[in-house]
Amino acid sequence: MLHPDEKFFEGEEREGFYIESRMKRYWASQIEALEEIKRICKKHNIRYFAEWGTLLGTVRHKGIIPWDDDIDIGMLRDDWNRFAQIAPKELDKWFEMKNIYNDTEHDNCIMRVINSRHMSFEPDFLERFHKCPYSTGIDIFPIDYLPRDSQKSKELVHLVHILMVTASTVSKKPPYTQDDLEIAKLWERKLGIKIDWNNRLFHEIKKLVDLAMQQCEPQDADEVCSMMRCQNGQDYHVPKEYYDEWIEMPFEYTTIAVPKQYDYILRLKYGDDYMTPKQVLGGHDYPNYKEQELELKALMEQEFHTSLCYQDIQQLIDMKVFGIQ
């Protein structure tokens, strides 16, 4: 467990945006998950990198983007698969890993390491996660290989796209239509992959998406990409050697690994002026944090049989977390 200076938890303004103390604790809780991932990666020689907004935040802000509320990392597909196999046995008792293969309710091709599935006001939980009662975690994106043969590359991206379209048309849960069953059987035959008919078809199709994304082996590729972005029409792919080397950069009160060629990657994703902040959201608009805050508000309103404003909720949280009356 890291022990940042208490000044870190003070509210402050960054880039003209005010960050509340509660958000700092939410960040700190996520950093604990990051440290656990780093520990396992170091032990097993698994490469990981700051990815998407976290890469941008690391380079531009030396930490989390002030108006962001999550931490994203990426792993090359072979490392992603190794981590998926190793992590469940290696993670500290406070954490769990969920991905599309070990959790039938997790329909996302992004793996997550989380500290809990639900918010908690238990004293030991609050102590471990810097007085943050919310569930937090880290998204781990797979970085996949693109066939060097341009035609095969287009075919692979198209296959992933068609599977994503298929997933969007299949019922999320039973009962299924005859069309649902027939299209699932069609893909089962076409790909030669057995579908678990006891599971939700939507989840099984998303598993096919993930399996399709990783069809290209490293030796058959010169480039890597975010396959989910490519199938959606975004032209994001870079030479695979750009992820061969990495450097440690400051990240809040710790460090995080970034690809040595981060400038090229950030220019590709965010434009040549990526060092200039593009947008600052209004206060309390953090999407992941806000979702749990609203969930807690609903629970408290049910418990107290009354409508509560934002200040009421924060006062009740402070009473539970800090014992403030």
Side-chain angles (χ1 to χ4, degrees), residues 46 51-52 72 74-88 97-112 139-240 243 268-269:
I46 294 174
E51 187 57 295
W52 298 108
D72 300 326
M75 294 178 183
L76 292 167
R77 175 60 76 167
D78 39 354
D79 286 314
W80 194 95
N81 286 340
R82 285 184 61 219
F83 187 88
Q85 293 175 346
I86 292 168
M97 181 210 73
K98 59 178 184 176
N99 62 35
I100 203 161
Y101 301 104
N102 75 346
D103 187 332
T104 57
E105 296 302 314
H106 185 78
D107 296 327
N108 201 316
C109 294
I110 301 167
M111 179 161 50
R112 278 183 62 79
D139 287 335
I140 308 177
F141 291 79
I143 301 170
D144 285 301
Y145 298 93
L146 276 173
R148 64 172 56 91
D149 181 284
S150 61
Q151 184 58 36
K152 290 183 178 179
S153 179
K154 291 177 183 177
E155 290 172 357
L156 178 56
V157 172
H158 181 67
L159 171 62
V160 174
H161 177 70
I162 294 301
L163 283 167
M164 283 294 294
V165 171
T166 300
S168 70
T169 64
V170 171
S171 304
K172 293 288 182 69
K173 57 184 179 180
Y176 301 114
T177 66
Q178 190 61 35
D179 286 344
D180 288 341
L181 298 173
E182 288 181 2
I183 199 167
K185 290 175 182 177
L186 174 66
W187 280 114
E188 188 179 50
R189 292 194 302 269
K190 185 176 178 63
L191 299 178
I193 298 171
K194 288 291 184 182
I195 285 177
D196 180 359
W197 294 96
N198 294 317
N199 192 14
R200 291 178 301 117
L201 285 185
F202 178 76
H203 184 88
E204 289 297 299
I205 299 297
K206 291 300 287 287
K207 281 165 64 175
L208 295 182
V209 170
D210 190 72
L211 291 169
M213 290 196 301
Q214 56 182 300
Q215 280 192 359
C216 182
E217 296 292 336
Q219 64 271 18
D220 300 321
D222 294 324
E223 294 183 316
V224 294
C225 71
S226 169
M227 191 68 74
M228 293 302 294
R229 299 298 177 105
C230 282
Q231 69 82 27
N232 202 31
Q234 293 175 278
D235 190 25
Y236 163 51
H237 50 89
V238 302
K240 66 180 182 181
Y243 284 93
L268 178 66
K269 293 179 177 178

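The residues of the chain are indexed from 1 along the displayed sequence.
- Distance check: Asp103 CG to Asn108 CG gives 11.5 Å after rounding to the nearest 0.5 Å.
- Atom-to-atom distance recorded for Ile140:CD1 and Phe83:CZ is 4.5 Å, nearest 0.5 angstrom.
- Contacts of Lys269 classified as salt bridge (charged side-chain N to carboxylate O under 4.0 Å, His left out), with partners at least two apart in sequence or in another chain: Glu51.
- Side-chain atoms of Lys240 come within 3.5 Å of backbone N or O of Pro218 as a donor-acceptor pair.
- Once rounded to the nearest 0.5 Å, the distance linking NE2 of His237 with OG of Ser226 reads 12.0 Å.
- A heavy-atom distance below 4.5 Å is found between the side chains of Met227 and Leu146.
- Residues Tyr236 and Trp52 place their aromatic rings such that the two centres sit under 6.0 Å apart.
- No side-chain heavy atom of Tyr145 sits under 4.5 Å from any side-chain heavy atom of Asp222.
- The two residues Pro147 and Cys216 come nearest to each other via the heavy atoms N-SG, 3.5 Å.
- A donor-acceptor pair under 3.5 Å is formed between the side chain of Asn99 and the backbone N or O of Asn102.
- Listed here is the closest heavy atom pair of Pro88 and Met97: CG-CE, 3.8 Å.
- Taking 4.5 Å as the limit, every side-chain heavy atom of Phe141 sits out of range of all side-chain heavy atoms of Cys109.
- Contact of the Met213 side chain with the Met228 side chain is registered, since non-hydrogen atoms from C-beta on lie closer than 4.5 Å.
- At a threshold of 4.5 Å between non-hydrogen side-chain atoms, the residues Val224 and Asp144 do not count as touching.
- Within the model, atoms SG of Cys225 and CG of Leu268 stand 11.0 Å from one another, a figure rounded to the nearest 0.5 Å.
- Lys152 NZ to Gln215 CD: the interatomic distance, rounded to the nearest 0.5 Å, is 11.5 Å.
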Donor-acceptor contacts under 3.5 Å from residues 201-212 side chains, at least two apart:
{"unit_1": "His203", "atom_1": "ND1", "unit_2": "Thr104", "atom_2": "O", "d": "3.3"}
{"unit_1": "His203", "atom_1": "ND1", "unit_2": "His106", "atom_2": "O", "d": "3.4"}
{"unit_1": "His203", "atom_1": "ND1", "unit_2": "Asp107", "atom_2": "OD1", "d": "2.9"}
{"unit_1": "His203", "atom_1": "NE2", "unit_2": "Ile100", "atom_2": "O", "d": "2.8"}
{"unit_1": "Glu204", "atom_1": "OE1", "unit_2": "Asp196", "atom_2": "N", "d": "2.9"}
{"unit_1": "Glu204", "atom_1": "OE2", "unit_2": "Asn199", "atom_2": "ND2", "d": "2.8"}
{"unit_1": "Glu204", "atom_1": "OE2", "unit_2": "Lys207", "atom_2": "NZ", "d": "3.1"}
{"unit_1": "Lys206", "atom_1": "NZ", "unit_2": "Asp107", "atom_2": "O", "d": "2.9"}
{"unit_1": "Asp210", "atom_1": "OD1", "unit_2": "Arg77", "atom_2": "NH1", "d": "3.4"}
{"unit_1": "Asp210", "atom_1": "OD1", "unit_2": "Arg77", "atom_2": "NH2", "d": "3.2"}
{"unit_1": "Asp210", "atom_1": "OD2", "unit_2": "Arg77", "atom_2": "NH1", "d": "3.3"}
{"unit_1": "Asp210", "atom_1": "OD2", "unit_2": "Tyr101", "atom_2": "OH", "d": "2.5"}
{"unit_1": "Asp210", "atom_1": "OD2", "unit_2": "Gln214", "atom_2": "NE2", "d": "3.1"}

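- Note that NZ of Lys185 is 13.0 Å distant from CD1 of Ile183, once rounded to the nearest 0.5 Å.
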Indicate every side-chain donor-acceptor pair of residues 153-164 with a distance under 3.5 Å to a residue at least two apart or in another chain.
{"unit_1": "Glu155", "atom_1": "OE2", "unit_2": "Gln151", "atom_2": "NE2", "d": "3.3"}
{"unit_1": "His161", "atom_1": "ND1", "unit_2": "Gln231", "atom_2": "O", "d": "3.0"}
{"unit_1": "His161", "atom_1": "ND1", "unit_2": "Gln231", "atom_2": "OE1", "d": "3.0"}

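- At least one donor-acceptor pair closer than 3.5 Å links the side chain of Thr177 to the backbone N or O of Asp180.
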